[in-house]
Student: 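Take a look at the following structure, please.
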Number of protein chains: 2
Amino acid sequence: MAVAAVAKTERNESGIARVLEQLGERFGDRLQTGQSLREQHGHTTTYIPNQAPDGVFFPESVEEVQEAVRVCAEHRVPVIPFGVGSSLEGHVNAPAGGICLDMSRMNRVLAVNQEDLDCTVEPGITREELNHYLRDTGLFFPIDPGANASLGGMAATRASGTNAVRYGTMRENVLSVTAVMPDGRAVTTARRARKSSAGYDLTRLLVGSEGTLGVISALTLRLYGIPQAISGGVCPFPSVEAACQAVITTIQMGIPVARMELVNALGMQAINRYSKLDYPESPCLFLEFHGTDAGVAEQAELFGEIAGEFSGGPFNWAREAEERQKLWKARHDFYWAGFTLRPGTKALATDVCVPISRLAECIVETEADIAETGLIAPIVGHVGDGNFHVTVLMDMEDKEEITRAEGFVSRLNRRALAMEGTCTGEHGIGQGKMRYLEEEHGAEGVDVMRAIKKALDPLNIMNPGKIIGIEGE
Amino acid sequence: MAVAAVAKTERNESGIARVLEQLGERFGDRLQTGQSLREQHGHTTTYIPNQAPDGVFFPESVEEVQEAVRVCAEHRVPVIPFGVGSSLEGHVNAPAGGICLDMSRMNRVLAVNQEDLDCTVEPGITREELNHYLRDTGLFFPIDPGANASLGGMAATRASGTNAVRYGTMRENVLSVTAVMPDGRAVTTARRARKSSAGYDLTRLLVGSEGTLGVISALTLRLYGIPQAISGGVCPFPSVEAACQAVITTIQMGIPVARMELVNALGMQAINRYSKLDYPESPCLFLEFHGTDAGVAEQAELFGEIAGEFSGGPFNWAREAEERQKLWKARHDFYWAGFTLRPGTKALATDVCVPISRLAECIVETEADIAETGLIAPIVGHVGDGNFHVTVLMDMEDKEEITRAEGFVSRLNRRALAMEGTCTGEHGIGQGKMRYLEEEHGAEGVDVMRAIKKALDPLNIMNPGKIIGIEGE
């Protein structure tokens, strides 16, 4: 395949200057170039160094996204889409400079089709804003990464969260996207029908493409009725292994649990400290059941039997909605809670996901590895999916510790791969995990991805330097 | 983009002769060239004319598929994968000749991971064979197109069936595929983890690609526990509209019905006649509920209330497993039952899918159109998904009738598109629906598909002349 047209990720200074000039003339102060704002739009949430874009443009419509992409394409300048900047793998960094498209002004709900249980939104709306908007309809959107992320960013990284075990991930819950492609044309990938066999699945190709194939500029999402009954709470276990065995049994029995999250003992300490709670500081499962009154009672009873088998309990029920909100807020704030264990550090997030039969083994080996390596690193996990996060808290002044931590992460990722798992269940590849992509997919798989990237973005202007390396990067 | 390398779908006689010679030398009588066998491997299940391949090869391993694809690539000869030949849109026709890969000898179960609720199979195994194999594990695979199709073919066409409303389609239930790509390399698209954000979603790209990007040579599938309790039966309604309103209400209330199928009055006549049953010959819903004893009872009660609101009933319960099997066998045999209404005809299958809020309107308008057009065309539908099939029974000697039927189908597809639906919910595009692809996806969407096709299959050897036209076709 010809690669001559593929731009390298070296900075194209003259192109960048002309793009800044043209966008500035056209959009005035909706193009911002101040250093502090640019740095806020580079990578900020983990230890990966910040690489700021040269300008930040705030589009207000699909047409404006198209216009900006066309100007960037003309001058071969990178385009980096930006939601709220909560991604964890350097997705919004600008290694070769370029223009950040901050989608925050495109945050409207364009349509809610209550009868069809779907809605169409602009990409800048956050998950909390969407659910707030929906509150009077009796419907909700279940996907909930820890951060109050934007829906566009969640689609771009194929995000999931605590509800995925029952409701699926962004993969299952995005019905369609409108994406501005690298040549500036807008493609709407599907109609609102629940299923379709009409050609290649462009929706699923764009979901998880991390801005490297196009700019997601609108999305149609599946919604769900708010369950008649919800119950849940926290159940302690004597060991991580016992908790994992309870999870495996619950999944295998087909109990349609809505949420099933593991927090290890160190993680419980962090949560109690940050969220001012007093849960047991042993490994705990956070659970939630959705259904009818009778259904929820039945699920809770079945789970109680399973927990008992593995010496879990007593179950702390969160009976009131307010109490449940507090519980899940504490869980969602876990990333921030971690820092109470070691203030002043930076976090290296990990995201392996393994077949559920290997989960207990993977977590137990990982806890031993953390202890041997001498790291402070609490664990939480969307264990119903086999996905867990180790948050390694690092002193950024201590180079030796960073090297040790990186060695640990490398072993963790390879452990998951050896167990037929993935290095990333929901965060994406970004810059941080590029080195694992070929180990996971083989050279053949990465070559197929690269061929698609080159075919759709021959100038390599769409979020270059993420997911896969193109010659010259 | 350069298109010089893209082969036309004219017959490449010298290449075909050399491929037949090489494969014959290498594989002996596993390459067959007899006319009758070749014609059985061209399109046989609808009125689209048969276009037989030049040879039929029966591979027995991924490596043999690779070998055959490499020989075909060397001589630029088409490769047409074949499961059981039950697809409905000419997918297995060979418009430019070439080699059919009949996957029927690759029908082994390679692994069942009971704890992880998944299995890995070769593509030639059929859905009934797989469920027969699984019968002692307590697990099952739910996707059930009418035919006893092969899993490879089901993945290639993104098939679904009666259980999709609860369990999803092949899109949601294929965890990974191993595909032999046009250059002969084998790609395994994902690990066994339940979710992953590691790069482009090649699994979903290959599912539904109809053999035009690669030959699916192994698949990992999600399995489900056989529900503790199953109940179901048939519920008549005074009109199609009343039945559809009951469906819409059921979906909106979030009742987790497993199967919800509509058969119109003419369809019920066909089913009664073909399967020797005596259901009411008015519009009926076929239903099934899965869950715990209490859950199933609750679902059935809730549905009963909804049906009553729309003057449905009385419900004919199929209480015994054997009775239920008979009921669903009758439903699956619908394609064949249609011919009892007009023996000696051929069927033109349709497959629109619309947002559920438009379903009643779409079916009512379609029934009126059938009556005005003077066609014999029963209707069945996976109405929980908004998907329904009109089976137009045509006298192939009557050119005027064929023209009338084609006009009807064209209006039906456009009606669905105008209602934000799709021309194909589960059958695929093949040859039969190529003309609707651009109406559905726009020139922009089809151009993106074509760019992917050209990037991955620059010689256009993979099932050419299906889904999208490449220059020269």
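What you are looking at is a predicted structure, and each value in this text was computed from that prediction instead of being measured. Note that these values count all heavy atoms, side chains included, but never hydrogens, waters or copies made by symmetry. Per chain, numbering begins at 1; letters A, B, ... match sequence-line order.
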Student: In terms of heavy-atom proximity below 4.5 Å to chain A, should K195(B) be classed as side chain, backbone, both, or neither?
Tutor: both
Student: Please identify which of these residues, H290(B), E172(B), R222(B), meets the side-chain hydrogen bond (donor to acceptor under 3.5 Å, both in side chains) condition with Y167(B).
Tutor: H290(B)
Student: Check whether T157(B) gets within reach of chain A through its side chain, its backbone, both or neither, counting any heavy atom under 4.5 Å.
Tutor: backbone
Student: Flag the one option from E298(B), E115(B), M170(B) with the top tally of heavy-atom pairs under 4.5 Å to chain A.
Tutor: E115(B)
Student: Which atoms of I356(B) come close to chain A, meaning under 4.5 Å heavy atom to heavy atom: side chain ones, backbone ones, both, or neither?
Tutor: both
Student: Would you tell me whether N173(B) and Y224(B) have side-chain atoms, one donor and one acceptor, within less than 3.5 Å of each other?
Tutor: yes
Student: Non-hydrogen atoms of chain B under 4.5 Å away: do they reach the side chain of L437(A), the backbone, both or neither?
Tutor: side chain
Student: Checking the side chain of E426(B) only, and the main-chain atoms of G161(B) only, is there a donor and an acceptor separated by less than 3.5 Å?
Tutor: yes
Student: Indicate yes or no: at least one non-hydrogen side-chain atom of Y200(A) is less than 4.5 angstrom from one of I467(B).
Tutor: yes
Student: Non-hydrogen atoms of chain A under 4.5 Å away: do they reach the side chain of I251(B), the backbone, both or neither?
Tutor: both
Student: With no hydrogens and no angle check, just 3.5 Å: does a side-chain donor-acceptor pair link S176(A) and T220(A)?
Tutor: no
Student: Picking from R171(A), R194(A), E420(A), Q228(A), which has the most non-hydrogen pairs under 4.5 angstrom with chain B?
Tutor: E420(A)
Student: Below 4.5 Å from any heavy atom of chain A, which atoms of M419(B) appear? Answer side chain, backbone, both or neither.
Tutor: neither
Student: Which bit of T169(A) is near chain B, if near means a heavy-atom gap under 4.5 Å: side chain, backbone, both or neither?
Tutor: side chain
Student: Need one label for A416(A): side chain, backbone, both or neither, based on atoms under 4.5 Å from any heavy atom in chain B.
Tutor: neither
Student: Between L359(A) and chain B, with a heavy-atom cut-off of 4.5 Å, which part of the residue counts as in contact: side chain, backbone, both or neither?
Tutor: neither
Student: Side chain, backbone, both or neither: which part of E210(B) has a heavy atom under 4.5 Å from chain A?
Tutor: side chain
Student: Donor-acceptor check, side chain of E439(A) to backbone of R414(A), threshold 3.5 angstrom: yes or no?
Tutor: no
Student: What do you reckon, are the aromatic ring centroids of H389(A) and H382(A) less than 6.0 Å apart?
Tutor: yes
Student: Could you tell me which of G138(A), S196(A), G225(A) has the largest number of non-hydrogen atom pairs under 4.5 Å with chain B?
Tutor: S196(A)
Student: Report the residue from T424(B), T422(B), N413(B) that forms a side-chain hydrogen bond (donor to acceptor under 3.5 Å, both in side chains) with E440(B).
Tutor: T422(B)
Student: Picking from K433(A), R191(A), Q114(A), which has the most non-hydrogen pairs under 4.5 angstrom with chain B?
Tutor: R191(A)
Student: Which bit of L139(B) comes within less than 4.5 Å of chain A, counting heavy atoms only: side chain, backbone, both or neither?
Tutor: neither
Student: Considering all heavy atoms of both residues, which atom of I468(B) and which atom of M434(B) are nearest to each other, and what is their separation?
Tutor: C-CE, 3.7 Å
Student: Please classify the contact between A179(B) and chain A as side chain, backbone, both or neither, with a heavy-atom cut-off of under 4.5 Å.
Tutor: neither
Student: Side chains of S357(A) and D116(B) only: does a donor on one sit below 3.5 Å from an acceptor on the other?
Tutor: yes
